[in-house]
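Scroll down for the structure; my scribbles are underneath it.
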Amino acid sequence: MPVGNSDQNKRTLTNRPRLRYAPSPTGDPHVGNIRQAVWSWLHAKRYGGDFIVRLEDTDQSRAQPGADKRILDSLRWLGVEWDEGPDIGGEYAPYIQSHRLDLYHDHIKMLLKNDAARRCFCSPERLTEIREEQQANKLPPGIRDCCDIAPEDAEARAAAGESYVVRFKTPREGTTVATDLLRGDISFENSTLDDFVLLKSDGFPTYHLAHVVDDHAMDITLVTRGEEWISSLPRHALLFDAFGYDRPEYAHASVIKAPGGGKLSKRDGAKSILEYAEDGYLPETLLNFLCLTGWGHGDQTLFSRSDLLSLFDMSDITLASATFDHDKLAWLNGTYIRALDENVFVTSLKRQLELDLPVDVPRPLDEALIESIAPLIQERITLMTDAVALVDFFWQSKISTPPPEDFLVKKWRDRAQEASATLERVGTRLNDLPDSSWNTSEIEALLRNLAEELSLKAGELLSLVRTAVTGKRISPPLFESMEIVGKGLVVERINEASSSLS
RNA sequence: GGCCCCAUCGUCUAACGGUUAGGACGCGAGGUUUUCAACCUCGAAAUCGGAGUUCGAUUCUCCGUGGGGUCACCA
């Protein structure tokens, strides 16, 4: 395993920094968590450094099978690439903490030997008791002097198989000052700290130990994590000091709040990154949006991947916690869908429709048909999943004729007979249109002329036709749609609509 | 409650002692229009409160208020 940096070419915040994303495989990563990964990746790449993924699987009870894969998939979907990680290895392997137990144990031995840590044999019941007593006496809670066992005795009891944890011997007095890149120095009275656990009774390290050992071993220069870790910062500072290691820099990002205030949760519609993918969001949308909440750059709103790669700097992130703005996310997605290259849009539309269209529609879908439909809806959808509701009628040889009230609006209110007669007229005229003239402009000309003949406003006539042909009050552009649906089907639907109203 | 962090339009943010406090979402009005969108124009909308420091505070300091985090053998 490589040792620390050499003096020349020293890594710094803005020179080849090494940042890591250290998720626990306990479930799908949510937006706040994945934002951390995105930011770390961007900062590392902006300054020519490395981005590392390390799995923090030190809590066996919460581990979820398959979670590691879904975490990496989330990253890949967003376009985040890592230089070292559990799947690709690297110079500092392994990148899975459960494979690094020996390293933690060595560090524990070191601490025990220096009397900087102690074995604790207290039962959970006893610890609870201590806490309750502290609470009753209005003392700051925290396990300090739960047991005081001579090191030799402790070692003997451990050797005899008794269960124990290893705690850090936190100084009783003094002040620990730790630095946050964004907030500056933060000081903590040691008296408010506790003898926190380093090694659990199952032999796994806690986050505190693993973080310090691994981030040092992996030459991490900038640690980014959520604000909830600030209160643990002095513990980590003390630990780095105890090992004689240089402390890395830290940037604690604020949490993302729910629209109503408070933590963002599933209840607020917060989804995992993969769920956003399923719901029809584009990766570029999420990447942009994630950076837009908690970071900004002048007047710019739209940031491409390469914009971010050249502009993002961890020291510019916002301190105040941001609220998750679903509306803006949706708007962004619409914007990115509209900006999609035509061919790319066709491809993803095809994929989406094959997922969303009724099962009785034969797959694969006709590529040419998709190509003709795509331009009609590209600027009309916000999510890719919006498409199906707009275009399903193109695949239904038989649509159920909408109820009369869908036809009889505005001008046609209470005038079913008139509407029926008008539609019949439309059907006849369209039927007379030669097959060779069945195209958008001919159809448009015909219908506009007809409207004039009947002394109707174009919109009044088209409203009936739209509902008859598409089965919807709102649809893609009508003339184009009619051309695509085809003469036979169009005439048939119009006639059916006409008779349904008479 | 102790400790810690934070505070600009409803929301996301820009300003790094001097601006008519800017942009974006959303909202409202108008335009365009075959529906719906998209698009264009315009509009309303903010520096939490109070003391300081300074010629001058959104910006620096202190106090208050409000919000958040944390007090596990979870991360």
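Computed from heavy atoms alone, side chains included, the values below leave out hydrogens, waters and symmetry copies. Fair warning: this is a prediction, and the values are worked out from it, not measured in the lab.
With sequence neighbours left out, the side-chain contact (heavy atoms from CB on, under 4.5 Å) criterion links A:Q64 to A:A67. Partners of A:D145 according to the salt bridge (charged side-chain N to carboxylate O under 4.0 Å, His left out) rule, which considers only residues two or more places apart in sequence or in another chain, are A:R172. A:E452 is linked by a salt bridge (charged side-chain N to carboxylate O under 4.0 Å, His left out) to nothing, counting only residues two or more places apart in sequence or in another chain. A search for salt bridge (charged side-chain N to carboxylate O under 4.0 Å, His left out) contacts involving A:K457 returns nothing, not counting sequence neighbours. Under the salt bridge (charged side-chain N to carboxylate O under 4.0 Å, His left out) criterion, A:R119 pairs with no residue, sequence neighbours left out. Residues meeting the side-chain contact (heavy atoms from CB on, under 4.5 Å) test with A:D28, sequence neighbours left out: A:R70, A:S272.
Aromatic ring pairs are classed by plane angle as parallel below 30°, tilted from 30° to 60° and perpendicular above 60°; the pair A:F312 and A:W39 is parallel. Ring orientation note: the planes of A:F324 and A:H326 are nearly perpendicular, at an angle over 60° on the 30°/60° scale.
Judged by atom type and distance alone, A:R473 does not reach the base of B:U35 through any side-chain donor-acceptor pair under 3.5 Å.
The backbone N or O of A:A497 lies less than 3.5 Å from no partner atom in the side chain of A:T401, so there is not a single donor-acceptor pair.
Residues from residues 168-175 of chain A that place a heavy atom under 4.0 Å from any atom of RNA chain B: there are none. Heavy-atom distances under 4.0 Å link RNA chain B to A:E379, A:R380 of residues 372-391 of chain A, given in residue order.
A:T26 comes within contact range of no nucleotide atom at all, as no heavy-atom separation falls under 4.0 Å. Counting non-hydrogen atoms under 4.0 angstrom, A:P259 reaches nothing in the nucleic acid. Note on A:F479: a base of the nucleic acid sits closer than 4.0 angstrom, heavy atoms only. Residue contacts for A:G294: at a heavy-atom cut-off of 4.0 Å it reaches the sugar-phosphate backbone alone, with no base atom in range.
Within the structure, every pair that satisfies the salt bridge (charged side-chain N to carboxylate O under 4.0 Å, His left out) test and touches residues 175-193 of chain A, not counting sequence neighbours, is listed here: A:D180-A:R183, A:R183-A:E227. Residues in residues 172-196 of chain A take part in these ring pair (Phe, Tyr, Trp, His ring centres under 6.0 Å) pairs, two or more places apart or across chains: A:F168-A:F196, A:F196-A:H208.
Comparing atom distances between the A:T318 side chain and each of B:A14, B:U35, B:U34 picks out B:A14 as nearest.
When the nearest nucleotides of RNA chain B are assigned to A:R35 and A:A458 by heavy-atom distance, the more 5′-ward of the two goes with A:R35.
Across all strands shown, the partner of B:C60 is B:G52, judged by Watson-Crick or G-U wobble contacts whose two distances both fall under 3.5 Å. Base pairing annotation: B:U47 forms no Watson-Crick or G-U wobble pair, as no partner gives both donor-acceptor distances under 3.5 Å. Here B:C42 sits opposite B:G28 as a Watson-Crick or G-U wobble pair (both hydrogen-bonding atom distances under 3.5 Å).
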Where protein sits on nucleotides 20-33 of chain B, one letter per nucleotide: B base, S sugar-phosphate only, - none, heavy atoms under 4.0 Å: --BSBSS-------
Using a 4.0 Å heavy-atom cut-off, write out nucleotides 60-75 of chain B from 5' to 3' as B (base contacted by protein), S (sugar-phosphate only) or - (no contact). ---------SSSSBBB
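Screening A:R225, A:E56, A:H236, A:Q97 against A:Y207 for a side-chain hydrogen bond (donor to acceptor under 3.5 Å, both in side chains) leaves a single residue, A:R225.
Around the CD atom of A:E155, the shell of radius 6.0 Å holds no more than 12 heavy atoms that belong to other residues, nucleotides or ligands.
Residue A:T192 places no side-chain N or O under 4.0 Å from the OP1 or OP2 atom of B:G2.
Here the side chains of A:R157 and A:I149 are in contact, with some heavy-atom distance below 4.5 Å.
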